[in-house]
K.L.:
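One structure, pasted below without further comment.
Below, read A as the first sequence line, B as the second, and so on, with proteins coming before strands; counting in each chain starts at 1. Keep in mind that what you see is a predicted model, and the values were worked out from it rather than measured.
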2 protein chains.
Amino acid sequence: MNAINSLPADQVGSTAQRERRRRILAATIELATQGGFDAVQMRAVSERADVALGTLYRYFPSKIHLLVSALGTEFSKTATSLEGRTIPGDTPAERVLNVLGRNTKAMQRDPQLTEALTRAFMFADASVSSEIHSVGMMLTGVLVQAMNGDDTVEPSEDQVAIAKVIGDVWLSLLVGWVTGRHSADDVSRSMSVAVHLLLR
Amino acid sequence: MNAINSLPADQVGSTAQRERRRRILAATIELATQGGFDAVQMRAVSERADVALGTLYRYFPSKIHLLVSALGTEFSKTATSLEGRTIPGDTPAERVLNVLGRNTKAMQRDPQLTEALTRAFMFADASVSSEIHSVGMMLTGVLVQAMNGDDTVEPSEDQVAIAKVIGDVWLSLLVGWVTGRHSADDVSRSMSVAVHLLLR
DNA sequence: CACCAAAGTGGAACGTGTTCCTATTATGGA
DNA sequence: TCCATAATAGGAACACGTTCCACTTTGGTG
């Protein structure tokens with residue numbers, strides 16, 4: 001299964017529109033990286049992206065849509081960088097932990113960004129379900145690829161089910177980390193426990 | 001392990017203060033049940049609880065604290081009702097699914113309330129960690145009790161670890177349901193998959 | 001009982017997400 | 001090329017979470 005690398009909106013519209021969209025998402029990432037969820041203020045995003053506030057809302061109907069879309073584009077970068085690659089590790093569990101560990105480390109490098117994107121993802125309501133769904137698919141796809149070692153094999157239903165459970169656990173732990181309930185070590189340790197339980 | 005049945009705040013303060021706190025939480029639950037997260041407006045809560053807005057903020061420093069505390073009191077009711085009881089089911093997996101299924105059904109009965117409480121729980125930041133922690137403990141406690149069949153046995157470390165993973169999966173699925181990504185059936189099915197994988 | 005500190009009241013005020021409106025600018029088809 | 005239409009700019013206005021302030025009530029203490 002290949003990851004869904006681009007949201008539909010990446011392809012549509014004129015060049016100027018794609019460029020505006022790109023600027024908006026870049027501004028979002030920058031602000032989130034610096035100051036987290038609270039720093040991503042719609043007026044600030046629109047100014048930094050050099051776009052009117054109304055235009056920003058035409059592209060992304062809410063702050064949550066904006067942040068979840070930003071998460072989607074970040075995620076698709078990860079997915080793309082893994083595409084066609086063989087993931088190191090001798091067992092499915094090792095490979096999955098390798099991928100998740102890499103991701104977790106990246107998120108620890110930009111804690112504010114992680115906080116912003118994670119909280120948006122978790123706060124999203126039903127109106128954001130399509131964006132959320134695409135993020136979920138990418139996550140599951142990456143995990144299935146890791147379980148198999150590469151992305152050439154068609155995954156079984158069971159594999160997909162297990163990948164979904166692992167993804168769920170990872171998201172919960174991420175929230176725990178963002179919330180300050182778990183340390184980074186807690187996350188790694190619990191993730192290891194869960195993955196070894198699920199992939200034995 | 002017995003559940004933590006009451007937050008500290010339940011015990012402190014004068015009778016009038018406990019009564020105010022009770023009214024506030026009751027008003028919160030009522031509004032959430034009717035209209036979900038958005039309907040729990042601080043002005044509305046304060047009016048319905050017959051308390052000044054400033055007083056409401058003295059008791060609960062933010063809307064998120066308020067809703068997470070409400071979740072805590074709801075949860076502690078569940079925990080209390082299970083206390084000392086023997087949970088039906090022949091295997092740990094069956095008993096855990098029994099408890100979770102009962103809870104899931106209750107949440108489906110009041111979808112708006114569930115949406116409000118779940119979103120608050122997930123949106124909470126580090127300033128709410130103590131409230132969140134107490135909810136997490138109750139959830140883990142209930143699950144451990146279910147795994148053992150009753151609450152008379154001291155749980156092992158492994159059991160606690162597994163219970164935490166199960167709790168994480170359940171929370172993620174709940175978010176998925178609230179967000180409209182998963183149907184109620186999806187939740188039951190995935191939960192069953194996860195629990196059978198983890199408790200085999 | 002008189003008094004003081006703490007708690008509560010009522011409401012104004014502020015910040016930020018969101019909506020709305022008008023004028024201006026791009027865009028694509030006849 | 002010119003026009004109709006849509007998209008954008010710029011900014012006012014509104015809603016709700018949150019803070020703050022001046023005043024009143026309450027509850028414990030000498």
K.L.:
Could you measure the distance from the CG atom of A/L97 to the CD1 atom of A/I87? Nearest 0.5 Å is fine.
P.N.:
12.0 Å
K.L.:
Below 3.5 Å between N/O atoms, which protein atoms pair up with nucleotides 14-16 of chain C? Just atom names and distances, please.
P.N.:
unit_1 : atom_1 : unit_2 : atom_2 : d
C/dT16 : OP1    : A/Q41  : NE2    : 3.1

K.L.:
Estimate the overall bend of the helix from C/dC1-D/dG30 to C/dA30-D/dT1 from the end axes over five pairs each, rounded to 10 degrees.
P.N.:
10°
K.L.:
Nearest heavy-atom pair of A/A161 and B/V193: which atoms, and what distance?
P.N.:
CB-CG1, 4.2 Å
K.L.:
Which pairs, protein N/O on one side and nucleotides 4-9 of chain D N/O on the other, fall under 3.5 Å?
P.N.:
unit_1 : atom_1 : unit_2 : atom_2 : d
D/dA7  : OP2    : A/R58  : NH1    : 3.4
D/dT8  : OP1    : A/R20  : NH1    : 2.9
D/dT8  : OP1    : A/Y59  : OH     : 2.8
D/dA9  : OP2    : A/A52  : N      : 2.7
D/dA9  : OP2    : A/T55  : OG1    : 2.7

K.L.:
Distance to the ring centre below 6.0 angstrom and angle to the axis at most 45 degrees; does that hold for B/K63 and B/F37?
P.N.:
yes
K.L.:
What do the steps show when you test A/N148 against A/D151 for side-chain contact (heavy atoms from CB on, under 4.5 Å), and what is the final call?
P.N.:
CA-CA 7 Å; A/N148 280 324; A/D151 55 358; over 6 Å; no
K.L.:
Figure out the NE2/P separation between A/H65 and C/dT18, and round it to whole Å.
P.N.:
10 Å
K.L.:
When B/T114 is tested against each of B/R109, B/M107, B/R119 for side-chain contact (heavy atoms from CB on, under 4.5 Å), which residue passes?
P.N.:
B/M107
K.L.:
Any chance you could measure A/I24, atom CD1, to A/S69, atom OG, to the nearest 0.5 Å?
P.N.:
10.5 Å
K.L.:
Which whole-number value in Å describes the distance from B/F60 CZ to C/dA7 P?
P.N.:
16 Å
K.L.:
Minimum heavy-atom separation for B/L67 to B/L117, with atom names?
P.N.:
O-CD2, 3.5 Å
K.L.:
Give the minimum heavy-atom separation between B/T73 and B/S76, together with the two atoms involved.
P.N.:
O-OG, 3.0 Å
K.L.:
Locate the shortest heavy-atom distance separating B/S172 from A/L171; write the atom from each residue and the value.
P.N.:
OG-CB, 4.1 Å
K.L.:
Between B/E47 (CD) and C/dG8 (P), how many Å, whole number?
P.N.:
18 Å
K.L.:
Using only atom types and a distance under 3.5 Å, with no angle test, would you say the side chain of A/Q145 pairs donor to acceptor with the backbone of A/L82?
P.N.:
yes
K.L.:
To the nearest Å, give me how far apart OH (A/Y57) and P (D/dG10) are.
P.N.:
18 Å
K.L.:
Using atom CG of A/L67 as one end and atom P of C/dT18 as the other, report the distance to the nearest whole Å.
P.N.:
10 Å
K.L.:
Taking side-chain contact (heavy atoms from CB on, under 4.5 Å) as the criterion, tell me which of B/V99, B/T91, B/V142, B/V96 meets it with B/M147.
P.N.:
B/V96
